[in-house]
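Below is one structure, written out as C-alpha cells; the observations come after it.
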There are 2 protein chains.
Amino acid sequence: MSQQQDPSQQDVSIKTKILLAAKKLFSQQGYDGTSVRQICEEAGGNVALVSYHFGGKENVFRAIFEEYFPGKDLGQYEAEFQDPVNGMKVLIRGVLEFFAQDEELSRIIHQELTMQSPRTEIVEGFVMPVWGKMRELLEMGKERGVFHFQSVDIVFFLTIGALTYHHNCRAVQSWMANQETDLNETIEAAMGFILQGLGCQIEK
Amino acid sequence: MSQQQDPSQQDVSIKTKILLAAKKLFSQQGYDGTSVRQICEEAGGNVALVSYHFGGKENVFRAIFEEYFPGKDLGQYEAEFQDPVNGMKVLIRGVLEFFAQDEELSRIIHQELTMQSPRTEIVEGFVMPVWGKMRELLEMGKERGVFHFQSVDIVFFLTIGALTYHHNCRAVQSWMANQETDLNETIEAAMGFILQGLGCQIEK
DNA sequence: GTCTATACCCGGATAGAC
DNA sequence: GTCTATCCGGGTATAGAC
C-alpha cells in the first residue's frame, strides 16, 4: 500500500530493491559487466537472494522489462495513427519522452540490441510493437504520397537510428558543446529532422 | 612479401591470424563475450600466443584498430570540405562505404561506444577526427544559411545516429522486408534523408 | 526470507619445457 | 616461436543454518 511511491524508502521489498539495483547497474556497465554480487550489494542484500526471488540473473533481466517497460498503451493513439504525419509525431514524442523518463531502461534496450546479445529476443518482444507501428506509418505515408522515399527498409533504419542513437551518445559529453539540452527542444528538432528527412513538407 | 594478400592463406603469420580472428569474434560476440582461448583456437594457435605477441587481450584490441582502421586520409578531401553540402556528401559516402567494406570493425566501434566500455578512449581516438569534421561542416552550413536548424548538438547526434545505427540494425533481419539492399541505393537514401533533415534544399 | 559457506566453472595470464 | 601445465581471481548458483 505504501509500497509504490519512492523506491529509495525503506519500506520497499528487497525484491524490488534488487530489480532497481540491477536496472541501474545493467545500464551503467552492461549485463555481462555486472555481477550478481554487485547487484545484491547495491540492493543492500545478500548474494543468494537473486536465486531465491528470481531464479537466476537472466530472470532478473526479464523481470525488469515486465515491471518497467511501458508502451502497452499504444491503442489509445489509434486516432492519431490514422494520419501518417500525426502518427509519426506522436510516436517520436512518445519514444523520446520514454527515453528521457527512464534513461536506464532505454540504455539497456539500446545496449542489448546493438550487442545482439542472447537476450535480444526478450527485448524485441517488448520493443517490436512500437517499431512495427512506425513501419506501418512509413508505408502508409509513402502510399498516400505524403512521404517521399525509395526504400521503406532504409528510411526505417535511418529513422530508428536518429531516434535512438542520439539519445545514447549524449553520454559522450566530450562531443557536445552545450551540456544540458531541453527535452522539448530535442523533440521538436527530432520531429523536424525526421519528417523533413522523409521528404515531407511541414508547415511548422 | 607474399604476406599481404589473402589472409586465409597459410603463409600468414600467426600474429596476423590472431588479429583477424579477434576482429571477427569481437564483432560477433563483443569484447567481453570473447575469450582469449577462443581467439587462439579460431586462429589455429595456442593460448599463450596472445600474451607473447601482444601482451594481453586489450592490446590485441588496440592492434586491430592500428592495423585496420582507415580514415587517416581525410586531408585529400579538403577541397570538398570547403562546401558544407559537398562535404557532408563526401563524409556520408565515406562513412557508409567504410561500414560496408569492413563490417566487423564497424560493428566493434559501434558496440564499444554504446557500451561505453573501458576501451572507449581507444575507439574515440580513431573515430573523433571524422565526427569532428562532420560537426565543423554542420556549423559552417548553419552559418552560411544553407542548413536550417536550431541546435548543432542535436542534429549532430541525429545525423550520427542515422548514419551508424541503421547499418548496425541490418543484422536484425526480421525487421526488414527485403533482405539485400544495394550499397549505392543506401548511400543515396542516406544523403537525401540527412540533407533534407538538415533543412537543406537539394536539387537531386 | 535472509544469511554464510562453499562448490564449481571459466576467464586471463605466465613459467618453463621444447 | 610455440606448446603444456598451472595459478589465481572472479563469476553463478545452491545447500543448509538461522
Side-chain angles (χ1 to χ4, degrees), chain A residues 1-3 7-64 67 108 111-112 115 117-119 122, chain B residues 1-3 7 9-65 67 108 111-112 115 117-119 122:
Chain A
M1 188 145 281
S2 63
Q3 196 118 334
S8 63
Q9 296 297 337
Q10 297 301 337
D11 58 350
V12 177
S13 70
I14 183 71
K15 196 173 168 181
T16 301
K17 280 187 190 166
I18 288 175
L19 229 41
L20 289 167
K23 185 155 76 78
K24 174 179 169 186
L25 292 172
F26 286 164
S27 77
Q28 288 173 349
Q29 316 172 330
Y31 180 90
D32 284 327
T34 303
S35 72
V36 176
R37 292 189 218 273
Q38 246 183 318
I39 294 171
C40 291
E41 188 181 0
E42 172 85 23
N46 183 272
V47 213
L49 293 175
V50 157
S51 284
Y52 179 75
H53 285 292
F54 299 96
K57 186 181 178 182
E58 183 161 319
N59 286 328
V60 174
F61 183 86
R62 190 176 274 104
I64 290 173
E67 196 68 27
I108 294 173
Q111 287 176 355
E112 295 294 323
M115 296 305 288
S117 76
R119 289 150 316 270
I122 301 174
Chain B
M1 193 147 279
S2 62
Q3 196 118 334
Q9 296 296 338
Q10 297 302 336
D11 58 350
V12 177
S13 70
I14 183 70
K15 195 173 168 181
T16 301
K17 280 186 189 168
I18 288 176
L19 229 40
L20 289 168
K23 183 153 77 78
K24 175 179 168 185
L25 292 172
F26 286 163
S27 76
Q28 289 172 349
Q29 316 173 332
Y31 180 89
D32 284 326
T34 303
S35 71
V36 174
R37 295 187 214 275
Q38 244 184 318
I39 293 171
C40 290
E41 189 181 2
E42 172 85 22
N46 183 274
V47 213
L49 292 175
V50 157
S51 283
Y52 179 76
H53 284 292
F54 299 95
K57 188 181 178 182
E58 182 160 320
N59 286 327
V60 174
F61 183 87
R62 191 176 272 104
I64 291 174
F65 278 80
E67 196 68 26
I108 294 173
Q111 287 176 356
E112 296 294 324
M115 296 304 291
S117 76
R119 294 156 303 280
I122 300 173

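In what follows, every chain begins at residue 1, and chains take the letters A, B, ... in the order their sequences are listed.
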To the nearest Å, how far apart are A:His53 NE2 and D:dT14 C1'?
15 Å

Nearest whole Å is fine: how far is D:dT4 P from B:Leu49 CG?
10 Å

Taking the side chain of B:Ile14 as its heavy atoms from C-beta onward, which of D:dT2, C:dT2, D:dT12 lies nearest to it?
D:dT2

Whole angstrom value for the distance that separates P of C:dT2 from CG of A:Asn46:
10 Å

Spacing of B:Glu41 atom CD relative to C:dG11 atom C1', expressed in whole Å:
15 Å

Please determine if A:Lys15 forms a cation-pi arrangement with A:Tyr52, meaning its NZ or CZ atom is less than 6.0 Å from the six-membered ring centre and no more than 45° off the ring axis.
no

B:Tyr31 OH - C:dG11 C1' separation (whole Å)
11 Å

I need the single residue from A:Gln38, A:Lys24, A:Gln111 that forms a side chain to side chain donor-acceptor pair (under 3.5 Å) with A:Gln29. Which is it?
A:Gln38

For A:Lys57, does the NZ atom sit with more than 12 other heavy atoms under 6.0 Å from it, leaving out its own atoms?
yes

With the side chain of B:Tyr52 defined as its heavy atoms from C-beta on, choose the nearest nucleotide among D:dG1, C:dC3, D:dT12.
D:dG1

With a non-hydrogen cut-off below 4.0 angstrom, is A:Ser35 in contact with a base, only sugar-phosphate, or nothing?
sugar-phosphate

Just compare C:dC3, D:dA13, C:dG12 and give me whichever is closest to any side-chain atom of B:Val36.
C:dG12

Using a 3.5 Å distance criterion without hydrogens, assess whether the side chain of B:Tyr31 forms a donor-acceptor pair with backbone atoms of B:Ile108.
no

What integer distance in Å separates A:Gln38:CD from D:dA13:P?
15 Å

Output the single nucleotide from C:dT2, C:dG12, D:dT14 whose closest atom is nearest the side chain of A:Ala48.
D:dT14

How many Å lie between NZ on B:Lys57 and P on C:dC10, as a whole number?
15 Å

With nearest nucleotide decided by heavy atoms, which residue, A:Asp32 or A:Ser51, maps closer to the 5′ end of DNA chain D?
A:Asp32

Rounded interatomic separation in angstrom, taking CZ from A:Phe26 and P from D:dG11:
13 Å

Which pair of non-hydrogen atoms, one from A:Ala21 and one from A:Glu42, has the smallest distance, and what is that distance?
CB-CG, 3.5 Å

Base D:dG10 to side chain A:Arg37, donor-acceptor N/O within 3.5 Å cut-off:
no

